[in-house]
Amino acid sequence: MSTEPRPPPPPPSGAAPAAKPPSIPSTTLATTALATAADGTTTTISSLGQDQLLDIFLRLPNLPALVRAALTCRPWLGAVRSSPSFRRLFRAIHPAPLLGIFLKVDDDTAPSFAPLRRSDPVVTAALRRGDFFLTSLPLDDAWTVTDCRDGYILLWNTLWAVAVVNPMTWAVDVISFPDDVADGSLRDFGFLGFHLLTSEENPRSFRVVCLCADVSRVRAAVFSSETSVWAVHPCGWRSAVKAASRRIIRINTATMDVSSLDLPSHTIIDYWQDDFMVGDTNDGQLCIVHASDDFRLHVWIRSVGGDGIGIWVQQNIVSFSAEIERVTRGLEGQVRVVQVRSGCVYLSMTRITNAGTQRTWFFYLSLETMEIELLIHGTFYDCAFPYRMAWPPCLIGDDGSSTGYEVEASP
C-alpha cells in the first residue's frame with residue numbers, strides 16, 4: 001500500500017470546485033496516516049506495536065465497538081485473541097452491555113423477554129439476530145428460567161430436565177437430570193437450586209450445578225459441557241447441613257469441598273427474615289445485600305480480619321427512598337433484591353393496584369457508585385433475570401481453560 005495518497009485529478013475547466021470531504025475524528029481507528037516525521041516519512045497504524053494497539057482499544061466505548069475494531073483485519077483480531085490480560089482489563093473498564101430482562105409471566109408459559117434501551121443500535125442489532133423468544137426450546141413442558149450468566153440462560157422443567165440456551169447463537173442443550181441424584185434420600189427431598197457456571201476465557205463451555213438436599217445431607221450434581229456427563233457427589237455432608245441453619249452453604253465445584261459461612265449477626269438476620277441475596281462485588285468478593293422496608297440498602301462484604309479469620313464487614317447503608325418516590329410518583333410497595341452479580345444489584349418493587357393487578361418496577365444499582373436507575377416497569381411478576389451481551393468466542397483464543405468456580409446456596 002502506498003504511504004501517500006494520490007492527488008485527485010483537477011476539475012474540468014469551468015466546473016465548480018469539488019466539495020471538501022468531511023474531516024475524520026482523531027479517535028477513528030481507521031485512520032491510515034497517523035503522523036509525519038521530520039524526514040518526511042509517514043507512520044501508519046499498521047506500524048503500531050501490539051501494546052500500543054491494545055492501549056488504543058482500551059479507549060473504545062464498549063464491547064460492540066471492540067468487536068467491530070477487532071474484526072477489521074487479522075492482526076487486530078490476533079492482538080485481542082492473544083492477550084487474556086487485555087480482555088480482563090477491558091471487562092473491568094467496559095462491562096458487557098445489558099440487553100434486557102427475562103421475566104416470569106406465569107407457570108404455564110415460556111418466560112418473556114423485555115429489551116432495554118431499544119434506541120441503542122447495538123441492542124437493536126442483537127435483538128434482531130438473537131432467539132430471545134426462545135423458539136428453539138422443546139415444547140414438551142413449560143420452562144422456567146433459574147439462572148442467567150455470560151450470554152447463557154439456564155431453564156428447568158417438571159420433566160426432570162434443564163436447558164442451556166445461548167440466544168445470540170441459537171444454541172440449545174437439553175440435559176436430563178441424573179437418575180441417581182435422589183438415590184438414598186430419606187424424606188423431604190428437594191432441590192435447593194440450579195446454577196450456571198461459565199468461563200470468561202472459554203465461552204464455548206459451561207457447567208450446570210444442581211444442588212439438592214434431604215433431612216440429613218446436601219448433594220451436588222455437576223454437568224460439564226466438555227464431557228456431556230453428570231458427576232454426582234453424594235458426600236455425606238451431614239455436619240455441614242446441621243451447622244447450616246441460618247448459614248450459607250458454599251461449595252467449590254473444582255474440588256467439591258463444602259463449607260458453611262456464618263451470616264453477619266443473628267439480630268440482623270432475624271430482622272431480615274431471610275429476605276437477602278448472596279452475590280459478589282466487582283472484584284469478586286462475596287457479599288450479602290438486603291433492601292429494607294424503609295428503602296435502605298444494607299451491604300455486607302466478606303473480608304479477612306487481622307487474625308486471618310473471615311469476617312463480614314458492613315458497608316455504608318444507602319437510602320434510595322427519594323429516587324423510588326420520584327420514579328413511582330409517590331407510590332409505595334415491597335422492595336426486594338433480585339440479583340447481585342459483579343457489583344451490580346437488581347431490585348424490584350411490587351405493588352397491588354386498585355384493580356387487583358400486580359405492578360412491578362425493576363431498578364439497577366451499582367455498588368461502586370451507589371447510583372440507582374429504573375430499568376423497566378409493568379404488570380408482571382417480580383421474578384427477573386437480567387441478560388448481558390456475552391463476549392463473542394471469535395475474540396478469545398482456543399487455549400482458554402476453566403480454573404474452578406464457587407457457588408453459594410441457602411438450605
Side-chain angles (χ1 to χ4, degrees), residues 100-113 130-199 202-214 217-235 249 251 253 256 338-339 341 380-381 383-388 390 402 405-411:
I101 300 177
F102 281 94
L103 302 166
K104 179 180 179 180
V105 180
D106 55 48
D107 295 332
D108 299 322
T109 58
S112 176
F113 183 76
D131 181 25
F132 291 95
F133 289 111
L134 304 179
T135 57
S136 51
L137 278 174
L139 299 178
D140 51 359
D141 192 26
W143 294 91
T144 302
V145 178
T146 184
D147 201 358
C148 190
R149 185 187 297 269
D150 295 333
Y152 286 100
I153 309 166
L154 178 63
L155 307 98
W156 72 284
N157 63 17
T158 58
L159 299 179
W160 283 61
V162 293
V164 180
V165 182
N166 187 332
M168 296 296 296
T169 63
W170 291 66
V172 178
D173 291 273
V174 178
I175 309 161
S176 298
F177 291 174
D179 296 332
D180 54 348
V181 68
D183 286 353
S185 296
L186 301 177
R187 58 185 177 85
D188 296 333
F189 173 84
F191 293 105
L192 298 180
F194 304 91
H195 302 269
L196 181 63
L197 305 176
T198 59
S199 170
N202 193 359
R204 299 175 183 86
S205 67
F206 61 84
R207 289 199 283 175
V208 177
V209 178
C210 168
L211 296 178
C212 53
D214 57 22
R217 60 184 172 179
V218 173
R219 178 172 293 179
V222 182
F223 176 88
S224 171
S225 63
E226 297 177 355
T227 61
S228 298
V229 297
W230 286 93
V232 180
H233 301 269
C235 305
I249 293 178
I251 301 173
T253 57
M256 297 314 300
V338 175
Q339 186 184 89
R341 185 162 294 170
F380 34 70
Y381 290 97
C383 182
F385 295 87
Y387 180 87
R388 288 188 173 272
S402 59
Y405 312 80
E406 287 186 342
V407 61
E408 290 83 31
S410 297

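Quick note: numbers below take in every heavy atom, side chains included, and nothing from hydrogens, waters or symmetry partners.
Not counting sequence neighbours, the partners of F380 by the ring pair (Phe, Tyr, Trp, His ring centres under 6.0 Å) test are F362. Legend: residues meeting side chain to side chain contact (heavy atoms under 4.5 Å, CB included) with S112, ordered by chain and number and at least two apart, are V105. Applying the side chain to side chain donor-acceptor pair (under 3.5 Å) criterion to S228, with sequence neighbours excluded, gives no partner residue. Remark: T135 pairs with D131 by the side chain to side chain donor-acceptor pair (under 3.5 Å) rule, at least two apart or across chains. For R388, the side chain to side chain donor-acceptor pair (under 3.5 Å) partners at least two apart in sequence or on another chain are Y346. Applying the salt bridge (charged side-chain N to carboxylate O under 4.0 Å, His left out) rule to D147 yields the partners R341; only residues at least two apart in sequence or on another chain are considered.
To the nearest 0.5 Å, the span separating OG1 on T146 from CG on N157 amounts to 12.0 Å. The CZ atom of F102 sits 3.0 Å away from atom CD1 of I153, with the distance rounded to the nearest 0.5 Å.
With hydrogens and angles disregarded, a donor-acceptor distance shorter than 3.5 Å links the side chain of S225 to the backbone of F206. Side-chain N or O atoms of R207 include none that pairs as donor or acceptor with a backbone N or O of L197 at under 3.5 Å. Checking side-chain atoms of W143 against main-chain N and O of P138 turns up a donor-acceptor pair under 3.5 Å.
Here the side chains of M168 and F132 are in contact, with some heavy-atom distance below 4.5 Å. A heavy-atom distance below 4.5 Å is not found between the side chains of V162 and C210. Contact check for Y387 versus P167: side-chain heavy atoms found under the 4.5 Å cut-off.
Applying the side-chain contact (heavy atoms from CB on, under 4.5 Å) test between L154 and each of V164, V145, T144 identifies V164 as the sole match.
Closest non-hydrogen pair, A163 versus L137, comes out as CB-CD2, 3.7 Å. C148 approaches F385 most closely through the heavy-atom pair CB-CB, 4.0 Å. For L134 against P111, the heavy-atom pair with the smallest separation is CD1-CG, 3.8 Å. The two residues W230 and V208 come nearest to each other via the heavy atoms CZ3-O, 3.8 Å.
Proximity of the aromatic rings of F194 and F223 is defined here by a centroid distance below 6.0 angstrom, and this criterion is not met.
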